[in-house]
Undergrad: 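Just passing along the structure, written as structure tokens.
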Amino acid sequence: MDKANQRFGFLCSLPILVVLGLGFLAPLAVVALYSTMPERVFSLANFPTFEAFRTLVEQSYYKSLLWSLGMAVVATCMLFLLCWPLAYAMAKVFRSFALAITILVVMSLFVSENIRLFGWSLTLMKGGLLEGHARAWFGIGFEGLLYNVPIIVFGLVYVYLPFMLFPLAQGIAMIPDDARQAATDLGASRWQLLIEIDLPLAAPGIAVGSLLTFVLAAGALAESKLLGGQAVIVIADEIETAFTYSQNWPLGSALSVVLIVIIGCLVTYGLARVDLDSIIGRNR
Amino acid sequence: MAATTILKLDGLSKNFGAFQALRNICLEIIEGEFLTIVGPSGSGKTTLIRLLVGMDQPTEGEIRLRGTRIESTPANKRPTCMVFQSLALFPHRTVGQNIEFPLKIRGEPPARRKERACELLELLRLPLEYYGKRIAQCSGGEQQRVALARALAFDPEILFFDEPLSALDYRLRKALEKELKDLHERTGKTFVYITHSLEEAMVMSDRIAIMNAGRFEQIATADQIYARPVSKFVAEFMGEVNLFDISGTDRRGIGSGSLGSKDNLDLGLAGDEVGTLMVRPEFVRRVEGKGSSDFWVRGQLRAEYLLGSRLHYEFDCDDGTTLTVEKLREDRFRCAPGDEFLLGWDLANSHVIRSRG
């Protein structure tokens, strides 16, 4: 019986295993291999030199990596602060409005990310919606609000809001009401309630939301291109340039490998500490 | 008992929209007593305890703790605390951290906290190794004790209980009822307990308050409530009972006429005053002839039920009503269904409930 079940389970997972193997693992292996090749070759049939990794350090590509990771950290923190009250309201206060909020937030995903970012670009640019109106109505012109680091972070926060909001709301919904009431009854102030009960018990949701937004923001490209102009070059931009304009596949691969390793370690560490089952609803 | 009032409820009412959950509740809780509030579900007892601990505010009325009004003080500023029905232990904390929680909130140093937690583990007869155990590793009864220890660590003026034993199995519940009573004696604290189980109330309490439809029907000792209930509701709530509607002039049972009684009995009812004659099933016995007991009734045995140490009988009376009788095993009736009996009891074992209004 158990054995039959196991075989059935394996057969069921076979299609996805094939897709993942060919579409996900194989390209990763290719990228990893290319990163070891001498620069500017287009074949894997060379002796590995790890030259690309030296270039990566010597030519300050690590700066782009730091910008990407740094902005991702800031965006994740801001999203956490921004989403906590809203997620709390969805999970505990206005439960009847939770569906309405969900639909509103999800609706923003119906329009492609690039189009939405172009919308912001038109709104914020010099002569755009904001500056143009300010100049026409009050005669006060100013430089556009685009092409700086804060606006890139704003873009990241704007685009990845749903990825923080929903896991967080799920995590907060897992906090038992009676534990909060008991803590209050035992003398805890609102602040103590937050520190002692809410944050630790919502930790799985916080971890999942933060990992999702961080991973997505660290690999984001459109925000820095469309809103940031050339203010800073993010790592995804460098990777794209290496593969296309510079025709240096090993360098692009080396940059990708570094990014994948850093993010992979973070996610593994984060998920190892979180009971994912409890978020899905099992093991409770 | 030096009767100092610790908590005084005065004209307490709570409305939810048009629904009156509590109507004009008045109660004085005496320092150091074990008071149990009993009522069927929907009687308002949970609403009442939420007001008492500060999780909700009354629509009207006052709550005074040692003379100071506290009805609008939030729960975290009140010197009282509650053991929840669900226990509400913190799943992400160990047993020790749970017990220490109120001390941590108060900002006591870790060494002092641990010392107190160990004292409480000992008081509740939990092994000291439990200090580092996870809540999920404890059994139901152990979790119960941890919840109690946490509440005691808070050192409340009054400890409230919201049916904390209702989820446990029968044997454990019986054991913990006695432990709780014992704990009450050892700590000397004021315990206010809410339950729908009368048995629980009788075992533990100094006084019982019977609640129905948002108000108190009777507040008295278990004995008084059992023997001298003030209303039909209380009489029926306190276990099996036989009731006969009578008046000062009609002693044969209004509308039935099946009840026989001696002529010279003083029932305390004047003229046409209406009341209810109550007799508990254990006081009804088999009598030889009319007049050998103060009251009598003819009945035909319908069924005999075994309750363990006791036997429960149901008799059909002439007028179609049912008379219940309970006997100890050793006094078992020798009879079969269908047998006719003359059943009687004395005035000393009955009680007349006067109709109100």
Side-chain angles (χ1 to χ4, degrees), chain A residues 80 84 87-88 91-96 167-210 269-284, chain B residues 46 49-56 70 73-94 97-108 113 120 134-136 143 146-164 167:
Chain A
F80 173 66
W84 179 270
Y88 187 86
K92 294 283 181 197
V93 190
F94 310 115
R95 277 178 208 170
S96 41
L168 212 52
Q170 183 71 36
I172 292 172
M174 282 166 43
I175 306 171
D177 286 337
D178 60 357
R180 309 185 74 244
Q181 284 170 352
T184 306
D185 187 41
L186 291 167
S189 62
R190 276 168 187 247
W191 181 247
Q192 284 168 322
L193 190 64
L194 179 73
I195 302 292
E196 298 285 341
I197 307 294
D198 288 346
L199 288 178
L201 283 176
I206 297 172
V208 170
S210 302
Y269 174 76
L271 290 187
R273 302 201 49 180
V274 175
D275 185 10
L276 265 192
D277 279 344
S278 66
I279 266 229
I280 304 167
R282 279 182 293 163
N283 280 11
R284 286 218 72 203
Chain B
T46 302
I49 209 160
R50 286 178 63 86
L51 296 187
L52 296 186
V53 297
M55 294 197 299
D56 223 335
I70 58 160
T73 311
N76 59 351
K77 302 257 167 62
R78 291 193 193 187
T80 57
C81 79
M82 171 156 102
V83 177
F84 285 65
Q85 183 167 17
S86 61
L87 303 184
L89 292 169
F90 306 134
H92 59 302
R93 296 285 150 94
T94 62
Q97 287 170 329
N98 263 279
I99 299 175
E100 285 177 10
F101 184 83
L103 304 173
K104 189 177 178 190
I105 290 298
R106 231 173 268 164
E108 290 201 26
R113 282 182 345 219
L120 286 164
R134 293 182 50 138
I135 293 300
Q143 291 187 2
V146 176
L148 263 168
R150 185 178 68 179
L152 286 171
F154 181 76
D155 196 23
E157 295 253 14
I158 304 174
L159 191 47
F160 294 100
F161 298 84
D162 183 12
E163 304 199 36

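Numbered from 1 within each chain, the chains take letters A, B, ... in sequence-line order.
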Undergrad: About how many Å separate CH2 of W84(A) and CG of L194(A), when rounded to the nearest 0.5 Å?
TA: 6.0 Å
Undergrad: In plain terms, say whether E196(A) and R93(B) are close enough for a salt bridge, that is, a side-chain N and a carboxylate O under 4.0 Å apart.
TA: yes
Undergrad: At a heavy-atom separation under 4.5 Å, does A203(A) approach chain B through its side chain, its backbone, both, or neither?
TA: neither
Undergrad: Identify whether the distance between the nearest side-chain nitrogen and carboxylate oxygen of D177(A) and K92(A) falls below 4.0 Å.
TA: yes
Undergrad: Any chance the side chains of Q181(A) and T184(A) put a donor and an acceptor closer than 3.5 Å?
TA: no
Undergrad: Non-hydrogen atoms of chain B under 4.5 Å away: do they reach the side chain of L193(A), the backbone, both or neither?
TA: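 Interface part for L193(A): neither.
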Undergrad: Is it the backbone or the side chain of M55(B) that comes under 4.5 Å from a heavy atom of chain A, or both, or neither?
TA: side chain
Undergrad: So which of C81(B), P102(B), A151(B) has the largest heavy-atom pair count under 4.5 angstrom toward chain A?
TA: C81(B)
